[in-house]
Each structure stands twice: as structure tokens, then as C-alpha cells.
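Read through the structure below, which is laid out as C-alpha cells, and then see the notes.
Both backbone and side-chain heavy atoms feed into the values below; hydrogens, waters and symmetry mates do not.
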Number of protein chains: 2
Amino acid sequence: MRLLLVEDEQALRDSLSQRLRDEGFAVDEAGDGPEGLYFATEYPIDLAIVDLGLPGFSGMSLIEQVREQGLTVPILILTARGNWEHKVAGLEAGADDYLVKPFVVEELLARVNALVRRSAGWAQAVIRSGPIELNTKSQEVLVGDESVELTSFEYKVVEYLMMHAGEVISKTRLTEHIYQQDYDRDSNVIEVFIGRLRKKLDPNGSYKPIETLRGRGYRFRLDSQ
Amino acid sequence: MRLLLVEDEQALRDSLSQRLRDEGFAVDEAGDGPEGLYFATEYPIDLAIVDLGLPGFSGMSLIEQVREQGLTVPILILTARGNWEHKVAGLEAGADDYLVKPFVVEELLARVNALVRRSAGWAQAVIRSGPIELNTKSQEVLVGDESVELTSFEYKVVEYLMMHAGEVISKTRLTEHIYQQDYDRDSNVIEVFIGRLRKKLDPNGSYKPIETLRGRGYRFRLDSQ
DNA sequence: ACTCTCTGTTAAGCCTGTATTAATCCGTTC
DNA sequence: GAACGGATTAATACAGGCTTAACAGAGAGT
């Protein structure tokens, strides 16, 4: 999952982005509104964290401009204690949630996770397709009743695919959402990972959770059952 | 802790509630959905255990109605083996965890404790995983019947891990919860402590209570027995 | 002052993931 | 049906994370 963090205070930005990366997110950083807008429009962000206390109200106008462009990316705003009119304005401008500073980092992480899931259309922490069950909290994957060991990249790939089950995901899109920076075009890491995943998620080849759409990408099976 | 047990089968309900009381819980008992709903809305329940196999789908609608009222009480559902579509429907309706019948009572207790602790955010006195038992009040740790001497830092580490058993805990998260302020990034204290803990908690290496998730962190085993 | 225990550092070595390469397979197009 | 290009898969190299032992320094207790 790729996040955008817009925060002018360097120290806070550093520690937050570091922590978010530790928790497995790819993080783009911006120090002001315009820079944030650039990332939000040029890169496929899964969620934006925007400090409304940026100098010159640029956080506010960032949200407005992002929404004017028709982007539906979930936005979490940070406001200073006491400035509840900012918070209200932010929500009205199209933010999805807010957090009052100072906050416990874990609270931020919890909300980020919830928002990401919610925006993908999953209310619970458990996502499933047929016999495959993914727990975003324990990062455990079950196939039937068996727990399957996934490495951290394998996990990121399934998570992204399952969160967008039923959609065609191009390989570029997958890399962009999973890797911190742009990746070598002529590498076939993704294919390799898809291959490993298929083996682990569907060892006897009966369920075929990941379809290949030649030239277009992959599609995770969306299966209620 | 006050539990609500909704189970139509008299014998099972009696034995379960007895056992739960032995473990120190106050238990309200209901035999069907409507009765359960009454308790859930009229009394301050900390956790509800609901059998989805109640006659007339009333377990399912109980969950839905509880959630409709905006109650966040954690709900653990019981389903019969093979009916995983019930379990799925239950989770989607807002249940927090499930257990497949028949189950070992210890497994139920483990999950009840885990759910209560997690949802309430505060500690049950005794936390258990397999042969490992941690008493947060006396700060004593037992492995099987043997008491294990832990130093204060070792204890903090196990306590945090066990309180969040089943979750992936990044090393940053662990340090942040254990140390006052941010710690030297290129120190490997955590690894060292994990190593010492493993030796003490699992001297013959058979139970493996602490899993390593390379690049992601550690996960304490969430286990019955 | 001496000892003992605990914490945290260092460093060596192991091991697991990751990404590359390359051989092969399959679909599409002509 | 041949040729091309994308997709699959196995094998492998390498980096860097994890484990572990050994030890130094701090601090408590005697």
C-alpha cells in the first residue's frame, strides 16, 4: 500500500514516515500543499495523510484540488487540538477521517489500516475468496483450514490483489503500489511472485485464484461462496 | 468481566458457563436470539459468545441487531464444522472471531481472553498460550508447571507480545512500547531479548512460541491447549 | 570495595528472501 | 502453422536480516 504524507514539520514527518515504512507501507513525502498535490496526481496513492496546520492553508486547498480532480483517494487529516473548525472544514472539503494532534502513532496506524480497507470495500479485517482467507491484522493467510507461510513481499502482493479482487491489476500498477520507488521495467519479479503465490495458495491447482489476462495484468478471483 | 453466552443446547451451555465462571467471569446465559439481544442491550456485557446454529437463524440476526444499535461489544461466534459459509456470514455481520465446533474449551478461553483484552485495551490478569502462562498481576511466568525467572525487560517484552498474541509486532512498535523514547536504530537489543526469551520460554525448542516474520517483526503464538 | 546480575554492544555466521537469469511454455497474430 | 512476444518456472547469487555467543559497563546488594 502506497501512502502520501503531507506534513511540514520535518521531525514529525521523518518519524512518521519511518514508522509507516516499518509497518510495510510505501511512503511518499511532501512538505507543503503543492508538492502534495503533485504526488497525489502523479502517483497512484492508496491513502493520503494531510496535516491541516500547513503554513498558508495549503493543506485545505490540497484537499479541495484533489477532490476537484475527481480523485477518490481516502484522505486522513491531522489537526491541532482546539482547531475543530479546521477539522469540520476539512471533512466538508472531502476528507474521510481526522486525528487530533498530538496522537499515539498506533492510533494513526489503526485508522490508516481501517481507511485503506474501507475504501477498498472491506469492512472487516478478514478478506476472503473461496477457500482463501486473509487476515490483515495477523497477516496470516489460510487456505481452507491450513495456514500458509508467506514472505513479506508475497503477502503485500496477495493483500493488494485481494483488496482489489475482481479488478484487472496491471503489473505496473502492482509494482507502483508495492515498491517504494519505480522499479526496473524489464525485471519480471512480479511474474515470479505470482508464480510462487499460485503454488502456495492453490497447491493442487484446483481453485485458480489468480487469473492471467495476457498483456493486461492479473485478476484475483472474486468469489463469495 | 461479564460475558453473555447464547447457546440453545442446554448441556453445552451449562458446562461452558460453569467453566467460564471457574475462570473468573460473570456469565449471563440466553437460550435464543431475542433473549440474547435483551441481555446485550440491557446489561453491560464485555463479550458475547453466540452459537450460530441456534434454531431459526436467530444468532445471525442477533449479531445484526446488536451492530445496528451501534454496540461495539466483541462477538465470538460458534459454528459447526463444515458450515464455513455461516462463519463468513457471521463475520460479515460484524462478529469479531469464530470458533468451529467441536472445540477444546481452552481454545474458547484463549480467544475470549484475547478478544476481551484487545477490545477493552486492558489486561486480564492471566494470559496463556499453550504451556506458557503469564500473570500480569504478579508478573510471574509459568512454563508448564515451572516458574520461569524473567528480568524486568524480558518481562516487558513477553507481556507486550502476549497481550498482542497473533498480531505481527514490528520491532519499532516493540521498542516504542518498551522504551521511553526512540532507540538507537542500529542496535539489536530486541533480537537479543527475543533470543533470551525463546531460551527461557521454550528451553527444549518444541513449542516455538515466538515466530519471526522476516522483515516484518515477531508474532507470539496464539494457541489453545 | 567486591560481587553479581542485568542491559546493551559487538561481531561472526547462518539463513531466508529477493531479484536475476535463462530455458521453456503458451497465445495471438499474420 | 510459424513466428513473435508475453508468461511461467526453476535455478541461482547475493544482500541483508536474524541469531547467537561473548563481553563490557552500570547498578544493586552485601
* Structure fact -> Which of dC18(D), dT7(C), dT9(C) is nearest the side chain of Ser152(B)? It is dT7(C)

* Establish, with yes or no, whether the OP1 or OP2 oxygen of dG6(D) is under 4.0 angstrom from a side-chain nitrogen or oxygen of Tyr218(A). => no

* Asked: Tell me: CD of Glu154(A) to C1' of dA19(C), nearest whole Å?
  -> 13 Å

* Rounded distance in Å - CD1 (Ile178(A)) to C1' (dG17(C)) -> 15 Å

* Report the residue (Gly195(B) or Arg216(A)) whose heavy-atom-nearest nucleotide on DNA chain D is the more 5′ of the two. => Arg216(A)

* Salt bridge check: are Asp96(A) and Arg67(A) linked by an N-O gap of less than 4.0 Å? -> yes

* Verify the ring-centre separation between Tyr179(A) and Phe153(A): is it less than 6.0 angstrom? => yes

* To do: Could you state the atom-to-atom distance from CG of Asn188(B) to C1' of dG8(C) in whole Å?
  => 8 Å

* Should Thr212(A) be listed as having a side-chain N or O under 4.0 Å from OP1 or OP2 of dT8(D)? -> yes

* Structure fact -> To the nearest angstrom, the NZ-P distance between Lys199(B) and dC6(C) comes to 14 Å

* Report yes if at least one side-chain N or O of Tyr179(A) is closer than 4.0 Å to OP1 or OP2 of dA19(C); otherwise report no. => yes

* Send over the distance from Leu174(A) CG to dA19(C) P, rounded to a whole Å. => 12 Å

* Write down the distance between CD1 (Ile194(B)) and C1' (dG17(D)), rounded to a whole number of angstrom. => 14 Å

* Kindly say if Lys171(B) contacts the phosphate of dG17(D), meaning a side-chain N or O under 4.0 Å from OP1 or OP2. => no

* To do: Would you kindly check if the NZ (Lys) or CZ (Arg) of Arg221(B) is within the cone defined by 45 degrees around the ring axis of Tyr207(B) and under 6.0 Å from the six-membered ring centre?
  => yes

* Asked: Between Arg196(A) and dT9(D), does any side-chain N or O lie under 4.0 Å from OP1 or OP2?
  -> no

* To do: Decide yes or no, distance alone: a donor-acceptor N/O pair under 3.5 angstrom between the base of dG17(C) and the side-chain of Arg214(B).
  => no

* Measure from CD1 on Ile190(B) to C1' on dT9(C) and round the result to the nearest Å. => 14 Å

* Asked: Are Arg111(B) and Asp97(B) close enough, and set up right, to give a salt bridge (charged side-chain N to carboxylate O under 4.0 Å, His left out), and what steps lead you there?
  -> CA-CA 8 Å; Arg111(B) 284 172 193 250; Asp97(B) 198 359; 3.1 Å; yes

* Nearest-angstrom distance from the residue atom CZ of Phe193(A) to P of dT9(D) -> 15 Å

* To do: Assign each of Thr151(B) and Phe153(A) to its nearest nucleotide of DNA chain C by heavy atoms, then name whichever residue's nucleotide is nearer the 5' end.
  => Thr151(B)

* **Under 3.5 Å side-chain donor-acceptor pair for Tyr160(B) and Arg173(B)** => yes

